[in-house]
Participant: 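Could you have a look at this structure, given as structure tokens, before my questions?
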Amino acid sequence: MDAPTLKEWLHDGAEIALLDVREHGQFGEAHPFYAVPLPYSRLELEIGRLVPRRATRIVLLDEGDGIALRAAARLEAMGYAAVHALDGGATAWKAAGYELFAGVNLPSKSFGEMAEHVYGTPHITAPELAERQARGDKLVVLDGRPVDEYRKMTIPGSICCPNGELALRIAALAPDPETTIVVNCAGRTRSIIGAQTLRHLGVPNPVLALENGTQGWFLADLPLDHGANRLYPAPAGDMAQARSRAEAHAARAEVGWADARTLTAWMGDPTRSTFLCDVRTPEEFAAGSLPGAQSAPGGQLLQATDQYVGVRGARLVLFDSEGVRAPMVAAWLRQMGWDAFVLTEGLAASLPLPSPTARPALPSLAPATAAELPGLVAAGAALLDLRSSMAYRAGHLAGARWAIRPRLDGVSAPSGALVLIAAEGDLARLAALDLAERGIVATHWHRGDPASWRAAGLAVEATPQDPRDADCIDFLFFVHDRHDGNKAAARQYLAWEMGLIEKLDRAERAAWRFLPPG
């Protein structure tokens with residue numbers, strides 16, 4: 001199909017999954033606004049989660065290098081019946097006069113920037129916050145990111161409370177209404193959405209977003225805290241009041257409610273896609289959830305919706321265990337243009353087991369331990385390392401060659417066995433599937449790391465420039481460099497984030513449904 005037709009489809013109101021099958025580095029350099037990242041290297045592993053209904057209209061996008069057609073054949077073999085490829089890929093999209101965006105999570109981040117304009121979310125600069133902390137003002141700094149991001153770097157003294165948890169736990173975090181609440185993230189949008197969540201909830205405290213987050217703090221030459229472990233407390237306060245406030249705000253955003261019976265009918269509907277999202281913490285999800293639900297912590301579901309939902313126009317049903325988090329998250333999703341609902345019974349709902357997601361038949365590979373590798377190599381085995389390019393640079397087995405699934409065409413048949421080194425067995429088996437079509441048989445797979453290799457007495461090499469930057473199609477340099485002490489990269493990232501809105505066209509802006517301010 002051509003680019004103008006795809007542009008029409010993206011705004012015709014019907015469901016569509018625009019899947020970018022390039023690797024993460026390629027995707028992050030330039031992609032259409034509504035493209036969902038689904039690298040060909042993981043295609044069959046993620047498609048069932050991102051696009052569960054096989055009659056969904058799908059468009060695949062690549063570099064114009066034939067990967068989309070290869071991916072289309074894989075999806076059709078799995079039963080997907082409406083698969084298309086954009087002729088000419090991302091280059092053709094640009095040539096037709098449409099915008100290509102750098103970065104990731106574009107719909108969510110640009111929405112956050114617009115939310116600040118619409119609601120006038122108040123903010124505080126890093127030097128101002130540092131001065132108030134030094135003065136001993138009554139304030140609490142809440143980091144709205146997940147725990148792993150928080151531990152990498154945060155504002156000194158901050159408490160980790162992911163945005164999806166704020167409405168539930170704010171009474172425990174700031175029981176005194178005179179305490180000023182400052183919400184931060186690494187950049188801008190989660191600070192804005194977190195602060196505005198509390199303002200929508202109606203907390204009596206002054207609430208501010210930290211301008212430019214930890215990057216603004218770093219650019220102001222203020223020291224960041226690394227390895228912090230100040231995590232959110234258990235919920236406290238009047239839970240009935242919190243629930244009432246959340247439900248009132250959800251009603252204002254016209255969030256719908258669906259009971260278990262309705263949801264069961266929706267999940268079986270062959271004409272419409274429904275995603276069931278557990279917005280609680282990953283730990284709560286791991287302890288037990290509902291059949292067919294995916295773990296989608298509320299703050300991250302808002303920040304990175306395209307990592308959880310691959311179908312534009314789909315129906316989203318959210319639930320929690322207490323009735324506070326799901327309504328607040330659903331209200332944001334409604335404003336983002338999603339058809340979002342809250343499950344009436346929450347975690348107590350009784351739902352049938354879903355049908356298992358079909359997976360393609362993959363080649364069988366014998367697992368090889370580190371102790372077995374020397375014997376295999378001595379017998380003439382070749383080592384093909386499918387781990388990330390950055391992991392390979394940091395340390396790989398001597399003699400191993402780096403490769404990635406979309407670029408296996410350059411791999412030649414070895415004289416002996418072929419051992420695939422991968423982070424997951426299924427990733428090795430997917431690569432083996434492609435190799436088998438070229439008559440190359442992989443015999444073993446191995447999951448290892450430099451520490452285990454060294455412990456087994458194997459030679460490990462680090463090659464900081466191999467593969468070359470240009471070949472690291474799985475890695476987005478400008479996003480990661482901003483956290484590695486690179487002030488120029490941090491400034492570039494913040495300028496990119498603040499410049500998102502002006503690059504949107506009228507149809508992309510029209511999808512949002514902001515509430516009247518006030």
Side-chain angles (χ1 to χ4, degrees), residues 33-34 101 103-125 142-145 161-167 170 181-203 205-213 215-216 245-246 248-255 279 297-309 316 318 325-340 493-518:
F33 186 69
Y34 288 118
F101 292 81
V104 297
N105 310 135
L106 267 300
S108 297
K109 290 183 177 179
S110 56
F111 174 84
E113 289 292 328
M114 184 61 80
E116 182 182 48
H117 288 276
V118 171
Y119 295 120
T121 310
H123 60 266
I124 185 172
T125 67
L142 304 179
D143 193 317
R145 300 172 298 157
C161 186
N163 278 351
E165 299 297 308
L166 285 170
I170 193 60
I181 301 168
V182 179
V183 181
N184 81 272
C185 64
R188 294 177 49 79
T189 53
R190 282 179 286 189
S191 302
I192 296 164
I193 294 298
Q196 197 58 46
T197 293
L198 295 177
R199 287 162 57 83
H200 283 329
L201 187 66
V203 298
N205 309 66
V207 181
L208 305 170
L210 177 59
E211 186 177 288
N212 299 333
Q215 289 175 95
R245 286 177 171 175
H249 178 62
R252 187 166 171 246
E254 299 182 348
V255 171
V279 301
Q300 287 307 98
L301 180 58
L302 297 175
Q303 173 70 8
T305 312
D306 53 356
Q307 293 181 14
Y308 300 93
V309 181
L316 312 185
L318 281 53
R325 290 171 285 187
M328 293 301 295
V329 176
W332 276 123
L333 289 169
R334 287 285 297 178
Q335 294 174 78
M336 293 170 69
W338 291 99
D339 195 10
Y493 180 86
L494 293 169
W496 163 80
E497 206 163 26
M498 288 184 281
L500 286 174
I501 297 173
E502 64 188 32
K503 297 182 71 174
L504 303 182
D505 63 31
R506 183 176 300 177
E508 289 158 347
R509 289 174 182 244
W512 294 331
R513 303 186 292 236
F514 284 104
L515 300 176

Participant: Determine whether L106 and D306 satisfy the following criterion, side-chain contact (heavy atoms from CB on, under 4.5 Å), listing intermediate values before the conclusion.
Facilitator: CA-CA 9 Å; L106 267 300; D306 53 356; over 6 Å; no
Participant: With sequence neighbours left out, write down each residue that passes side-chain contact (heavy atoms from CB on, under 4.5 Å) with E113, or none if nothing qualifies.
Facilitator: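 E113 satisfies side-chain contact (heavy atoms from CB on, under 4.5 Å) with E116, R188, T189, I192, E497, M498, I501 only.
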Participant: Please check this pair: side chain of R145 against backbone of N184, looking for a donor-acceptor N/O pair closer than 3.5 Å.
Facilitator: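 No.
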Participant: Going by side-chain contact (heavy atoms from CB on, under 4.5 Å), Q196 matches just one of L201, T121, V118. Which one?
Facilitator: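 With Q196 as partner, side-chain contact (heavy atoms from CB on, under 4.5 Å) holds for just one option, T121.
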Participant: Do L316 and D339 have side chains that get closer than 4.5 Å, going by heavy atoms?
Facilitator: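 L316 vs D339: side chains apart.
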Participant: Would you call the rings of W512 and F514 parallel, tilted or perpendicular if under 30° counts as parallel and over 60° as perpendicular?
Facilitator: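 Perpendicular, since the angle between the ring planes exceeds 60°.
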Participant: Has the side chain of N163 got a donor or acceptor atom that lies under 3.5 Å from a matching backbone atom of R190?
Facilitator: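 Pair found, side chain donor or acceptor close to backbone of R190.
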Participant: Once rounded to the nearest 0.5 Å, what's the spacing between atom CZ of R245 and atom NE2 of H200?
Facilitator: 14.5 Å
Participant: Between Y119 and L515 (side chain of the first, backbone of the second, donor and acceptor by atom type, cut-off under 3.5 Å), is there such a pair?
Facilitator: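 Checked: pair present.
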Participant: Tell me, please, which residues at least two apart from D505 pass side-chain contact (heavy atoms from CB on, under 4.5 Å).
Facilitator: K7, A507, E508
Participant: Is there a donor-acceptor contact under 3.5 Å from the side chain of R334 to the main chain of E254?
Facilitator: yes
Participant: Is any side-chain heavy atom of T197 closer than 4.5 Å to a side-chain heavy atom of M328?
Facilitator: yes
